[in-house]
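What follows is a short report on a single structure.
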Amino acid sequence: MTDFVLVHGAWHGAWCWQRVVSGLWAGGHRAFAVSLTGVGERAHQIAAKIRLSTHVDDVLAVIDAEELRACVLVGHSYGGMVITGVADQIENSAALSRLVYLDAMVPLPGECWSTTHEPKTRDARRAAIAEHGHLPAPDPSAFGLAGPDHAWVARRQTPQPGSLYDDALHFDPARVSRWPRQFIDCTSPSLATIDVMRTRVRSQAGWQVDEIATGHDAMISAPEALIEVLDRKPTR
């Protein structure tokens, strides 16, 4: 049995992991999906004071409250920023066993969520934040979703706190590399804002890279394939 802690990306919430949570439990594991402050069922908590450190604390609190040991920490998309912060902050190395970046941000020290985005994307998102005070959700077709899945995600997405976009993450890479690190590349269609990360993990030592031929929201569009990859023992 393995414990999994699942951290969603921008505009999502714990709801997006429904199919993966049920599959992991059916496979004899335990899975804990976290909703980060200000989104998902916690959308009523959205505020300008929310920082990346707030979301790191959200995840640390679940690991502590559930008294987890040797858990697999999974971060999707923006959630890669969060799990990197968690890995840096956590004191007891026995609490984790692996870091999994699901088509996710893999930051370098001092980088923001926005750092590796194309200037056109950064300008558009900063303009939206200035206008709305938050980052409105994109159309789910950007994640390769269609039909009922598209409708579900469109219905459930909530605005992302704008204060997170340019919030830098400062961490010690040596602390984060205490555990095996895995990157799951969602290739069909690939999301352009993750392109730098795809190159980055293939150029750095110590990464296991797996691919799933699905869109960015693999936990929705390909839950069985994702569970198979998560359940597989790392090769390094």
Q | Ring center gap for Tyr165 and His117 short of 6.0 angstrom | A | yes

Q | Arg181 and Gln208 side chains, donor-acceptor separation under 3.5 Å | A | no

Q: Please answer: with hydrophobic residues joined when any side-chain heavy atoms are less than 4.5 Å apart, are Leu60 and Val7 in the same cluster?
A: yes

Q. Does the side chain of Ser221 come under 3.5 Å of the side chain of Thr214 through a donor N or O and an acceptor N or O?
A. yes

Q | Heavy-atom pair with the smallest gap, counting every atom of Ile227 and Gly23 | A | CD1-CA, 3.6 Å

Q. Between the side chain of Asp167 and the main-chain N/O of Arg51, is any donor-acceptor distance below 3.5 Å?
A. no

Q. Any chain of hydrophobic side-chain contacts (each under 4.5 Å) joining Val106 to Leu108?
A. no

Q. How close do Ala137 and Gln157 get, heavy atom to heavy atom, and via which atoms?
A. CB-NE2, 3.6 Å

Q: Could you walk me through whether Thr158 and His12 pass side-chain contact (heavy atoms from CB on, under 4.5 Å), step by step?
A: CA-CA 7 Å; Thr158 53; His12 289 45; over 6 Å; no

Q: Show the numbers, then the answer: is there a salt bridge (charged side-chain N to carboxylate O under 4.0 Å, His left out) between Glu131 and Arg125?
A: CA-CA 10 Å; Glu131 178 181 356; Arg125 290 188 174 185; over 6 Å; no

Q | Steps toward side-chain contact (heavy atoms from CB on, under 4.5 Å) verdict (Ser77, His216) | A | CA-CA 8 Å; Ser77 197; His216 185 59; 2.9 Å; yes

Q: Using the rule that two of Ile, Leu, Val, Met, Phe, Trp, Tyr join whenever any of their side-chain heavy atoms come within less than 4.5 Å, decide whether Trp25 and Leu68 are in one cluster.
A: yes

Q: Kindly indicate whether the side chain of Arg200, heavy atoms from C-beta on, has any atom under 4.5 Å from the side chain of Thr116.
A: yes

**Q.** Residues, nucleotides or ligands: over 12 heavy atoms within 6.0 Å of Glu118 CD
**A.** no

**Q.** Pair Asp88 + Arg178, salt bridge at N-O below 4.0 Å
**A.** no

Q | Test item: Ser190 side-chain N/O and Thr187 main-chain N/O as donor-acceptor pair under 3.5 Å | A | no

Q: Over all heavy atoms of both residues, which pair between Pro107 and Gly80 is shortest? Give the atoms and the distance, please.
A: CD-O, 4.1 Å

Q: Mark yes or no for whether Arg19, through its side chain, and Ile220, through its backbone, hold a donor-acceptor pair below 3.5 Å.
A: yes

Q. Is there a donor-acceptor pair under 3.5 Å between the side chain of Gln160 and the backbone N or O of Pro136?
A. no

Q) Checking side-chain contact (heavy atoms from CB on, under 4.5 Å) for the pair Leu102/Leu226: CA distance, chi angles, key distance, verdict? A) CA-CA 9 Å; Leu102 172 58; Leu226 177 56; 3.8 Å; yes

**Q.** Straight-line distance of Ser53 OG to His170 NE2, nearest 0.5 Å
**A.** 11.0 Å

Q. Short question: side chain of Trp11, backbone of Val39 - any donor-acceptor pair under 3.5 Å?
A. no

(Q) Restricting to non-hydrogen atoms, name the atom on Ile129 and the atom on Gly162 that form the minimum distance, rounded to 0.1 Å. (A) CD1-O, 3.7 Å

Q. Do Ser141 and His150 have side-chain N/O donor and acceptor atoms under 3.5 Å apart?
A. no

Q) Mind checking whether Val74 and Val5 have side chains closer than 4.5 Å, heavy atoms only? A) no

**Q.** Among Val82, Val86, Thr37, the one residue meeting side chain to side chain contact (heavy atoms under 4.5 Å, CB included) with Asp58
**A.** Thr37

Q) Is it true that a side-chain atom of Asp172 and a backbone atom of Ala174 form a donor plus acceptor pair closer than 3.5 Å? A) yes

Q.
Any non-hydrogen side-chain atom of Val59 less than 4.5 Å from a side-chain atom of Leu73?
A. yes

Q: Check Glu41 against Ser35 and note the closest heavy-atom contact, atom names and distance.
A: OE1-OG, 2.6 Å

Q) Under a single-linkage definition using a 4.5 Å side-chain heavy-atom cutoff for Ile, Leu, Val, Met, Phe, Trp and Tyr, are Ile46 and Leu36 assigned to the same hydrophobic cluster? A) no

Q. Does Ser163 reach the main-chain N or O of Ile50 with its side chain, forming a donor-acceptor pair under 3.5 Å?
A. yes

Q. Considering residues at least two apart in sequence or located in another chain, which fulfil the side chain to side chain contact (heavy atoms under 4.5 Å, CB included) criterion with Thr2?
A. Phe4, His29, Val72

Q) So if you build clusters from Ile, Leu, Val, Met, Phe, Trp, Tyr with side-chain heavy-atom gaps below 4.5 Å, do Met81 and Leu191 land together? A) yes

Q. Where do Asn92 and Arg69 land on the side-chain contact (heavy atoms from CB on, under 4.5 Å) test, with the steps shown first?
A. CA-CA 9 Å; Asn92 183 6; Arg69 294 294 178 267; 3.6 Å; yes

(Q) With rounding to the nearest 0.5 angstrom, report the SG to CZ distance, Cys71 to Arg30. (A) 10.0 Å

Q) Charged N to carboxylate O under 4.0 angstrom, Asp210 versus Arg232? A) yes

Q) If you look at every heavy atom in Arg98 and Leu230, which pair is closest and at what distance? A) NH2-O, 3.1 Å

Q.
To the nearest 0.5 Å, what is the distance between OG on Ser114 and CZ on Arg122?
A. 6.5 Å

Q) Among Phe183, Trp207, Trp179, Tyr78, which one satisfies ring pair (Phe, Tyr, Trp, His ring centres under 6.0 Å) with Tyr101? A) Trp207

Q | Side-chain (Gln204) to main-chain (Val201) donor-acceptor, under 3.5 angstrom | A | no

Q. Hey, does Leu6 have a side-chain heavy atom less than 4.5 Å from the side chain of Val34?
A. no

Q. Considering only heavy atoms from C-beta outward, does the side chain of Ile184 approach that of Gln182 to under 4.5 Å?
A. yes

Q) Does Asp103 reach the main-chain N or O of Cys186 with its side chain, forming a donor-acceptor pair under 3.5 Å? A) yes

Q: Before accepting this row, confirm whether a basic side-chain N of the pair Asp195/Arg198 lies closer than 4.0 Å to the acidic partner's carboxylate O.
A: yes

Q. Is the ring centre of Phe143 less than 6.0 Å from the ring centre of His76?
A. no

(Q) Quick one, His8 and Cys16 - any side-chain contact, counting heavy atoms below 4.5 Å? (A) yes

Q) Judged by atom type as modelled, is there a donor-acceptor pair below 3.5 Å linking the side chain of Trp15 to the main-chain atoms of Gly40? A) no

Q. Measuring from Leu164:CG to Leu52:CG, what's the distance to the nearest 0.5 Å?
A. 7.0 Å

Q: State whether Arg202 and Glu211 are salt-bridged, where the test is any N-O pair (Lys NZ or Arg NE/NH1/NH2 against Asp/Glu carboxylate O) under 4.0 Å.
A: yes

Q) Between atom CD1 of Ile83 and atom CG of Leu99, what is the distance when rounded to the nearest 0.5 Å? A) 5.5 Å

Q.
Please report the interatomic distance OG1(Thr54) to CD(Gln45), rounded to the nearest 0.5 Å.
A. 10.5 Å

